[in-house]
2 protein chains.
Amino acid sequence: MNLTLEDIGRLAGVSRSTVSRVINDQDSVRLAVRERVQEVIRLTGYTPNAAARSLVSGRTGVIGLVIPSRVHSLFEDPYFSRLIQGISAASNQAGNTLSLFLFQNEEEEAELYPRVITSGFLDGLILTATRMADPLLARTAVGEIPIVVVGRPDVEGVSYVDVDNRGGALKAATHLSSLGYQRIGLLGAPVSTTAGLDRLNGFVEGLAACGLPLPPDLRVDGDFSEASGYVAMRKLLAHQPDAVFAASDTMALGALRALKEAGIRVPQDMALVGFDGLPGSENSVPSITTIRQPVTETGARAVHILNDLVTGVATAPIVEIMPVELVIRESSGTSRDSAGSDVE
Amino acid sequence: MNLTLEDIGRLAGVSRSTVSRVINDQDSVRLAVRERVQEVIRLTGYTPNAAARSLVSGRTGVIGLVIPSRVHSLFEDPYFSRLIQGISAASNQAGNTLSLFLFQNEEEEAELYPRVITSGFLDGLILTATRMADPLLARTAVGEIPIVVVGRPDVEGVSYVDVDNRGGALKAATHLSSLGYQRIGLLGAPVSTTAGLDRLNGFVEGLAACGLPLPPDLRVDGDFSEASGYVAMRKLLAHQPDAVFAASDTMALGALRALKEAGIRVPQDMALVGFDGLPGSENSVPSITTIRQPVTETGARAVHILNDLVTGVATAPIVEIMPVELVIRESSGTSRDSAGSDVE
DNA sequence: TATATTTCTGGGAGCGCTCCCAAGAATGTT
DNA sequence: AACATTCTTGGGAGCGCTCCCAGAAATATA
């Protein structure tokens, strides 16, 4: 039942080559012939065999998305969900097929990954949530397959797309400072991730630009989770900050819970700024001021860069930093002064 | 740089064919030769070209997972997250590669789907979240590619894996009845889904077996979401049930929120049973009695059945119903009597 | 030792496609 | 009308692999 080019050619009264030309939209096929062939293709529902095609062209149109073994819980994370959607949408649009590689554990990773990058099955790879000194990234240097990392990797020479973590955190700091807050605490993300590190540095830099320090006791780190935000906020409370920047919205949500429990009103008693721009921070009470990052667009850019690499339009490394945006909401809506404080 | 069978053969001093035999673990290769070839393969890091392989074998080892356009929000749903993980884990283990098809809208679905199932790129397909009269399912009947649906489809002749929705809802009903509750309400899932329908029927059947009715005013339907559970519970409250079965844990969580707001204690004033067995129902206060369904295993079974279909070990349609389990927690911990009621 | 039997190995054919080249058809030029 | 030029078209070759068959090597049997 499976048709071949030859079959279509026979039905249309032309040769294999002509049918191939029609399918690949190459010129130099007489209009009448072209239409006749297209009609036969339409009627038969013929689709070219992908394997044969890629055997000769050396390309499959398939790009892989690797999510390392650690991040399984994160799969429910709205960030990942949106990232995957962005990548999927962009690859559909670009005519790619997306293959998903979720490794269950390190052994699976070590066993499957080398095969994946060398079998010729993939045109390219998008790597997410790489850790510091990521073994996947190390293994990849050898392979010839184009790779784009989402999030800044800690090695040189790799193409990646990242959001402006540093700039975003800087914005958060200056925003809070401009409202008159002086004891601004940080609910940090793990510095074992480049995102955590960049947000920390940007935040410190922003405070410094406003003439403010970040005393060690005003910084407690979490792990991106709501629970860690809750715990960290409780610790922070002992040192009486008047505003807090949480390095993720999820942690900000946890912090908000801790503040509510402690009877501290937001923003009247304390201002709160998050990072990410997830729906949760918009729908909370009060809604949380945040640094919105373009997650879907980041995924889409990764796909486009990867395709440029695959087609040779560009050569690695390509780096792109996506802009972030300060979204002011209730949790930092009023200035320190109008909140009736005793400071300045 | 890309090696071929011929290259490996030359390096090992044997022919293409012998190398192929070693790689495919076929017998009748002298041990010494086999080891020499394996050594060369190990040293060179050779991996067979997937396209060439599948061109001749007619198989790619790739299975597709289709998530229709509607369910994008559901991607964050813990259910989908776990299902995808189950499917991914099982397909890794079975030596398959997983391709993910997230369609953004109906047009994309209509355009891409036919190509996907006919290009020969996929050995088989797993379809999730099909709706009643699903166009994908209808289109598929024509195609030759093996398909397994997760969740009972509303058409005949299709292989599928489902959980025992009917039996689970029946258990919930008899459990509540056995505790002495008499006005047991239903917070239903949409009957436009087979899961919603089956849970409704099982629940009614279970009540009937205990000699209890389901008065129309004791049934309000939601849409699986937390918000819909909240709203539905508030409506239900007006008709004073003494226990409620929510057809999903997420809705049960919403119901719990409504009950707390109304000052109704669970389980003292009202018992509550959910369905799914998600982490959220375990960690809530009080923890919610639920019907636990084996999500990961369901995904794994779908992969195995699909592989049986692909290899011809089995022929469609294959149907498998996964068992569910009543998990008793705080929200129905005590019997109606010991809760100090006036009934019986 | 000669022959029958089994085990192992090499090369041809072909999977369905794209690329290339050369031949044929159509058009342009004098 | 005769030739040069351009546009179309067909078929050969080959992508890297598996399958199959026949010949070579090893082993068993007389």
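Proteins come first, then strands; the chains are lettered A, B, ... in the order of their sequence lines, and each starts at number 1.
The side chain of B:Arg53 lies closest to D:dT18 when the candidates are C:dG10, C:dC19, D:dT18. Closest contact between the side chain of B:Leu55 and the listed nucleotides C:dG10, C:dG16, C:dC21 involves C:dG16. Of the candidate nucleotides D:dG10, D:dT18, C:dG10, D:dT18 has the atom nearest to the side chain of B:Val56. Taking the side chain of A:Ser17 as heavy atoms from C-beta on, and the options D:dC19, C:dG16, D:dG12, the nearest nucleotide is D:dG12. The side chain of B:Ser15 lies closest to C:dG10, out of C:dC8, C:dG10, D:dT18.
Along DNA chain C, the nucleotide nearest to A:Pro48 and the one nearest to B:Val29 differ in position, and the one closer to the 5' end is contacted by B:Val29. Nearest-nucleotide positions on DNA chain D for B:Asn24 and A:Ala52 put A:Ala52 closer to the 5' end. Comparing B:Thr47 and B:Arg30 along DNA chain D, the residue whose closest nucleotide (by nearest heavy atom) sits nearer the 5' end is B:Thr47. Of the two residues contacting DNA chain C, namely A:Ile23 and B:Leu31, the nearest-nucleotide position lying further toward the 5' end is that of B:Leu31.
The CD-P distance, from B:Glu6 to D:dT18, rounds to 12 Å in whole Å. Rounded to whole Å, atom P of C:dC8 lies 14 Å from atom CZ of B:Arg36.
Checking the phosphate oxygens (OP1, OP2) of D:dG16, no side-chain nitrogen or oxygen of B:Tyr46 falls inside 4.0 Å. OP1 and OP2 of D:dC15 both lie 4.0 Å or more from every side-chain N or O belonging to A:Ser54. Between C:dT18 and A:Ser20, a contact under 4.0 Å exists linking OP1 or OP2 to a side-chain N or O. For D:dC19, the OP1/OP2 oxygens have a side-chain nitrogen or oxygen of B:Gln26 closer than 4.0 Å.
At the heavy-atom level, B:Thr4 lies under 4.0 Å from the strands shown only through sugar-phosphate atoms. Within the 4.0 angstrom heavy-atom criterion, no nucleotide atom of any strand lies near B:Ser57. Contacts of B:Ser28 with the nucleic acid, taken as non-hydrogen atoms under 4.0 Å apart, include base atoms.
Residue side chain B:Arg16 reaches the base of D:dT18 through a donor-acceptor N/O pair under 3.5 Å, judged by distance alone.
Residue-environment remark: CD (A:Gln93) stays at or below the threshold of 12 foreign heavy atoms within 6.0 Å.
Between B:Leu11 atom CG and B:Ile41 atom CD1 the span is 10.5 Å, to the nearest 0.5 Å.
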>> Is there a salt bridge (charged side-chain N to carboxylate O under 4.0 Å, His left out) between A:Arg42 and A:Glu39? Walk through the geometry before answering.
In response: CA-CA 5 Å; A:Arg42 212 181 49 72; A:Glu39 181 64 8; 3.1 Å; yes
>> Working note: A:Ser20 + A:Ile23, criterion side-chain contact (heavy atoms from CB on, under 4.5 Å); need CA distance, chi angles, decisive distance, verdict.
In response: CA-CA 5 Å; A:Ser20 172; A:Ile23 287 174; 5.8 Å; no
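In terms of modelled atom types and a separation under 3.5 Å, the side chain of A:Thr47 and the main chain of B:Arg115 share no donor-acceptor contact.
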